[in-house]
2 protein chains.
Amino acid sequence: MAVTLADVAARAGVSAATVSRVLSGNYPVAGATRSRVLRAVEELEYVVNGPASALAAATSDLVGVLVNDIADPFFGIMASAVQSELEPGKAGRKLAVVCNTGGSPERELTYLTLLQRQRAAAVVLTGSAVEDPEHTAALAARLRRMAGAGTRVVLCGRPPLPEPGGPDGADGPGSTDGSGDADGTAAGPVTVAFDNRGGARRLTEHLLALGHRRIGCVAGPVERTTTRHRLEGHRAALAAHDPALLADADRLTVHGAYDRSSGYDGALELLRRTPDLTAVLAANDTAALGVCAALRETGLRIPGDVSVAGFDDLPFSADAAPALTTVRIPLHEAGARAGRLALGREAVPPGGMATVRTELMVRASTAPPRTGRAPVPSGGPTR
Amino acid sequence: MAVTLADVAARAGVSAATVSRVLSGNYPVAGATRSRVLRAVEELEYVVNGPASALAAATSDLVGVLVNDIADPFFGIMASAVQSELEPGKAGRKLAVVCNTGGSPERELTYLTLLQRQRAAAVVLTGSAVEDPEHTAALAARLRRMAGAGTRVVLCGRPPLPEPGGPDGADGPGSTDGSGDADGTAAGPVTVAFDNRGGARRLTEHLLALGHRRIGCVAGPVERTTTRHRLEGHRAALAAHDPALLADADRLTVHGAYDRSSGYDGALELLRRTPDLTAVLAANDTAALGVCAALRETGLRIPGDVSVAGFDDLPFSADAAPALTTVRIPLHEAGARAGRLALGREAVPPGGMATVRTELMVRASTAPPRTGRAPVPSGGPTR
DNA sequence: CTGTTAGCGCTTTCAC
DNA sequence: GTGAAAGCGCTAACAG
């Protein structure tokens, strides 16, 4: 059907092996022969058969990038950065496979299986991980197996995997061969973590310094590492400032997804519970936009009546009105680093983990609380 | 090294062929045998070798999705939609490969080669196409070849490919086999186009109806189909309303990328050229945010002094302050449809092309022009 | 430097 | 219903 190596070899008057060598370029070939082969390739419009070469060479040039939501720029930026590192010299070009898990543990595993089938050269898991112990164990086992088989595993924006840990009886055979395959490339998973805790803590300290005491939190989904870390940072700041503030923390916290409508709904719920709150911390910038919309529709001014802060510092945050105070995560740098790690082009950090610093970006959406503000105007939101 | 089909067969006490049949499920196998095989698979933690099976079956389960900028939600939303259609029943699961071309023609071709190597089941090209004749011809030829080889080709958000057209001598052998390979699946490229022209036209008509006459345009990159179509729609509306308006059209148009800073810079340039303009049309919503920022920093109010409109209706547009008047493109629906077409799960529309309607979304950023407004305040932007 | 020779792991007729 | 055998197209030792 299609043109094969043999066809090219025939036309160039050489053996298939020679054509293969010319194409992969990792072997000495006479200049004359090489150009003759190249010409034949051109003339026949030959295109290497990927599966065949992957089968014979037992390697593939696929790199999987798992994201929780590709429509969210948070992931788009990281994916783009990972991919930008995947094309060094024309030769070792890798193909990034972006897989959208939708945040579902099952799909995460499913895609990993697909990637495993393809004998992917590496996989990069981005964003928060689900904290269900069962899933975590299954995921860790799967990733360890892939790493053992030579696939590089990089975690970007989530904490390291738990160690093999506790005994795990009732398992099929072959479950004890966890040790590396004497392969050399089979280092365990590498992590590029974000300092969500520190960022959240600094953000809350900023609000506290401005004089806020009743700070609402529209947190992310429960059972997610990122959600937990940001909340922990927030509460640590509260505790350090005045342990008494912790008393109201639960009432001042609602959970939702990392999206606009969760911010909108969450803000309304918070306002219902605590009409006199003076600030709202959103799960991320996207949710912050929803919070702002809800406040505005309720008749509250930002930051006059209520201060609002986001997280991530996505591109649109600086352009929101008012510009959003948020915590910047160097997503591009983190993704690029993950990409290099996935290719083995960067030394693995000590302990297999690097933490990316986050930076507080103070902008117009936060200001000192207005003392003695009247509670929520009657009427409620207009939508 | 890894567990193979033969290992599973041995453990289950059957032949490799039987295991293969059980796994692919497209062949009658005795119930008892099937469960025995399945158990062996479980116990051995067997994972199919993708390349090997792709080689033997001469098909792959990869679907390539080419995007111009994965960090842009415009593409993220479409990619996500395409992918969401790629997993019907557990069985025929396809793996979406999102490739970021960065809008570069070379990379577009490079990725297509990579996909061709992998014998991708389908490729979906999203977003605007570069209009360089040479590239267009190369791209069309390449896509036709892939389609001829059985790969489904879908264009989403760009116009159909040109027909083979003019004679193209001086070509290698095998360049005349363009006709389908009697394969059945080898239909030519299918297109899901956006009605950019109509949307732009309606947007401009809206502005015209409000009373605007000096409308600036921060258009997208030159030589891009989307840019040209939106500009054509704009000018058609102008011409229909009053041909005299066309005279200033060129002076009132600047080009940039589809990003925030292009909108920012473009708005300043437009203001410099035409201080008394009363409205600005941005290339897309992201650029519109930049336009708004520039206007605000210049001391102009939106829509009081200048109306602003975007294009695409990305999620954040409704939350901008003021909420952005824009043209909604049903990106998710379009992407989903492209995904179904790529899988052959939806009938090819007549003529191989479907046009997705666009919808004018009138919000708060556009209003009647203020008559007799004073020109740009002195001082200029503060950044 | 180049050709020969074996497979890589799976799918798929064709017999039984 | 199941097994046997013949490749799919390429790479990777070995010879020469």
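The figures that follow rest on heavy atoms only: side chains count, while hydrogens, waters and symmetry mates do not. Every chain is numbered from 1 and lettered A, B, ... according to where its sequence line falls, protein lines coming before strand lines.
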Between C/dC8 (P) and A/Leu55 (CG): distance, integer Å: 9 Å

CG on B/Leu95 to OH on A/Tyr111, rounded to 0.5 Å: 7.0 Å

With B/Arg34 via side-chain hydrogen bond (donor to acceptor under 3.5 Å, both in side chains) - residues at least two apart: none

A/Thr18/A/Ser15 under side chain to side chain donor-acceptor pair (under 3.5 Å): CA gap, chis, key distance, verdict: CA-CA 5 Å; A/Thr18 300; A/Ser15 74; 3.3 Å; yes

Nucleotide C/dC10, atom C1' - distance to CG of B/Asp61 in whole Å: 14 Å

Nucleotide of D/dT11, D/dG7, D/dG9 approaching A/Ala52 most closely (side-chain heavy atoms): D/dG9

Nucleotide C/dC10, atom P - distance to CZ of A/Arg117 in whole Å: 11 Å

Nearest-0.5 Å distance, CG of residue A/Leu66 to CD of residue A/Glu108: 6.0 Å

Under 3.5 Å, N/O pairs linking protein and nucleotides 1-5 of chain C:
unit_1, atom_1, unit_2, atom_2, d
C/dT2, OP1, A/Thr33, OG1, 2.3
C/dT2, OP2, A/Ala30, N, 2.7
C/dG3, OP2, A/Ser15, N, 2.9
C/dG3, OP2, A/Ser15, OG, 3.2
C/dG3, OP2, A/Thr18, OG1, 2.7
C/dG3, N7, A/Arg21, NH2, 2.7
C/dG3, O6, A/Arg21, NH1, 3.2
C/dG3, O6, A/Arg21, NH2, 3.3

For atom CG of A/Leu5 and atom P of C/dG7, their distance in whole Å: 20 Å

A/Asn49 CG - C/dG9 P separation (whole Å): 17 Å

Passing option when B/Arg158 is tested against B/Leu125, B/Thr191, B/Thr126 for side chain to side chain contact (heavy atoms under 4.5 Å, CB included): B/Leu125

Test item: side-chain donor near acceptor, B/His135 and B/Glu106, under 3.5 Å: no

5' priority, DNA chain D, between A/Ser20 and B/Ala57 [closest heavy atom]: B/Ala57

Distance, rounded to the nearest Å, where B/Leu23 contributes CG and C/dC10 contributes C1': 11 Å

